[in-house]
Amino acid sequence: MADLLVHGIGQLVTNDPAHGGRLGIVADGAVLIESGVVAWAGPEGLLSRPSGDVTEIDVSGAAVIPGFVDCHTHVAFAGDRADEFAMRLRGATYEEIMASGGGIASTVQATRAATDDELFAATAERTRRMLAAGTTTVEIKSGYGLDFTTERRLLEVITRIGAETPMEVIPTFLGAHVVPPEFADDREEYVRRVIGEMLPSCAPLARFCDVFCDRGAFTTGEARAILVAAAEHGLGARMHAEQLAVTGAATLAAELGAASADHLDHAGLGDLEALAAAGTVAVLLPGVSLSMRLPFPDAAAFRESGVTVAIATDANPGTSYVLSMQFVVALACLEMGMTPEEAVWSATRGGALALGLHQHGCLRAGSPGDLVVLDADSYVHLAYQPGANLARMVVKGGVPVLSEPGPTS
Ligand code: NIG
Ligand code: FE
């Protein structure tokens, strides 16, 4: 692999506090990537020019940011739910649709019926669009199989995305997404199967275990049992917490030392302080508030609590068919009250920390050579031009994977 020098960078966001401030901004910067890994990032005037075989790209004053780390997605699924989306806009609620056998259950039906290759093609097309919008690392959850065979198949497809496309993938087992219809009358048996059969089969393919712990999904008691068992299989914990109702899921996430607690629309300040004390990252998903026409979480409470905040797409066919982290940055600023500085950090470094990826989400020696050259001279444009695809070039592991703006996702 030839080394890559990206230079002529008008504004380089490193997320390395050594350069000052939260975003570690360097004016007139350069990034040298060797064997896929950042060897040096800083002011171009201080660069000692490498002598070997180096591809040089002059970006003529553009801004460069680390590749986005989308730390919460459900992009491995078949079919879509455009019909339900239209029903919701006519007044039906998400929980009514879910209770009448639609919602997650209808995606489960389509996913079980799809072949491995169909699932791979549909998922790869979505991750291609994510990459085109600047996401270079994505967490993908299972959770639309909800049986022994299909949960495992989904994790195999998710693994293939990481192996056969440029996108870096962190797989999460979400067998406890909802209780599938065939166990509606015996949820205890479903939880037993998740723990006793699905976890042992799926754990080798996953890095994390997630539970949708909420009204209409799993209780805190069930979530605890599943996540404790998952830890015995070597999986870190993440939780869908306080999305639809106050359940105590956030404090459970803190108690279990989960890597992240996600959604948190109904979390109180005490919950956020508990997460902060536990080192659990709060993942906010404003695409859901937009798509569900619900109030957005207020960034001020999160700021006050001191919790580390990540933002992510929650890309899924029901509540947030949003694939672009650029759009999430814009929503976080315009609807949640984050500053552009906070939002860009949360979409890159925050996402990396939520996934336990301590070298990702920044541009400093030792971090992966993942960056986005913007069609703008400042990262602020990500919020200032909502809906635009400002990714002029996306580099993953030192390789330019896309050098033309992709379709706006
Ligand atoms: O994160 N909260 C649970 N799961 C998804 C929704 C999945 C769906 O509706 O298909 C979410 O919002
Ligand atoms: Fe989710």
Side-chain angles (χ1 to χ4, degrees), residues 70-88 92-112 122-123 126 138-146 150-151 154 158 170-181 208-219 222-223 237-245 247 249-250 253 258-267 281-294 296-297 310-323 328 331 351 354-355:
D70 189 348
C71 65
H72 181 141
T73 88
H74 308 249
V75 285
F77 63 86
D80 69 55
R81 309 222 298 271
D83 49 348
E84 287 177 12
F85 177 76
M87 274 165 69
R88 282 199 290 104
T93 69
Y94 181 70
E95 286 175 272
E96 277 164 14
I97 291 172
M98 189 148 115
S100 68
I104 294 173
S106 79
T107 300
V108 168
Q109 214 177 10
T111 302
R112 286 178 180 170
T123 307
R126 287 186 276 268
V138 67
E139 183 255 19
I140 308 180
K141 304 174 197 296
S142 67
Y144 291 117
L146 306 185
T150 320
E151 282 297 305
L154 278 170
I158 292 166
I170 307 298
T172 293
F173 170 61
L174 179 60
H177 197 180
V178 289
V179 175
F208 292 98
C209 178
D210 193 344
V211 175
F212 182 15
C213 180
D214 218 316
R215 186 172 71 200
F218 291 88
T219 65
E222 292 163 343
R238 359 185 36 86
M239 286 180 77
H240 282 68
E242 325 290 353
Q243 177 185 3
L244 305 171
T247 62
S260 72
D262 304 42
H263 287 281
L264 299 170
D265 301 80
H266 293 86
V281 176
V283 179
L284 302 183
L285 306 160
V288 178
S289 310
L290 177 78
S291 307
M292 304 298 284
R293 306 186 71 216
L294 290 169
F296 286 79
I311 55 176
T313 60
D314 197 14
N316 77 76
T319 62
S320 177
Y321 206 151
V322 171
L323 300 174
V328 171
L331 286 178
L355 295 175

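Whatever order the structure lists ligands and atoms in, that order sets their numbers, starting from 1.
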Notebook entry, point to check: Could you give the distance from SG (C71) to CG (L285), rounded to the nearest 0.5 Å?
Noted result: 7.5 Å
Check: Counting only protein atoms, how many N/O/S atoms are less than 2.8 Å away from the Fe ion (ligand 2)?
Finding: 4
Margin query: Taking the side chain as everything from C-beta on, heavy atoms only, tell me whether S260 gets closer than 4.5 Å to F208.
Written below: no
Next item on the list: Apply the test side chain to side chain contact (heavy atoms under 4.5 Å, CB included) to residues E139 and R238: give CA-CA distance (whole Å), side-chain angles for both, the deciding distance (0.1 Å), then the verdict.
Entry: CA-CA 11 Å; E139 183 255 19; R238 359 185 36 86; 3.5 Å; yes
At less than 3.5 Å, what protein N or O atoms come close to the N or O atoms of ligand 1? Include the distances to 0.1 Å.
residue	atom	partner	partner atom	Å
ligand 1	1 (O)	H74	NE2	3.3
ligand 1	1 (O)	H240	NE2	3.2
ligand 1	1 (O)	H263	NE2	3.1
ligand 1	1 (O)	D314	OD1	2.9
ligand 1	1 (O)	D314	OD2	2.7
ligand 1	2 (N)	Q243	OE1	2.7
ligand 1	4 (N)	H177	NE2	2.8
ligand 1	9 (O)	R81	NH2	2.8
ligand 1	9 (O)	Y94	OH	2.5
ligand 1	10 (O)	R81	NH1	2.9
ligand 1	10 (O)	R81	NH2	3.3
ligand 1	10 (O)	Y144	OH	2.6
ligand 1	12 (O)	Q243	NE2	3.4
ligand 1	12 (O)	D314	OD2	3.0
ligand 1	12 (O)	T319	OG1	2.7

Item checked: Residues that H74 engages under side-chain hydrogen bond (donor to acceptor under 3.5 Å, both in side chains), provided they are two or more places apart -> H72, H240, D314
Under 3.5 Å, sequence neighbours excluded: what are the donor-acceptor pairs made by side chains of residues 92-103?
residue	atom	partner	partner atom	Å
T93	OG1	E96	N	3.0
E95	OE1	R215	NH2	2.8
E95	OE2	R215	NE	3.1
E96	OE1	T93	N	3.2
S100	OG	E96	O	3.3
S100	OG	I97	O	3.0

Checklist line | Least distance between heavy atoms, S142 atom then L174 atom | finding: OG-N, 2.9 Å
Note to self: To check you understand the geometry: which heavy-atom pair defines the closest contact between T107 and A78, and what is its length?
What the structure shows: CG2-O, 3.9 Å
Next item on the list: Could you tell me whether R126 sits above the aromatic face of F77, with NZ or CZ closer than 6.0 angstrom to the six-membered ring centre and within 45 degrees of the axis?
Entry: yes
Check: Under a 4.5 Å cut-off applied to non-hydrogen side-chain atoms, are T313 and V138 in contact?
Finding: no
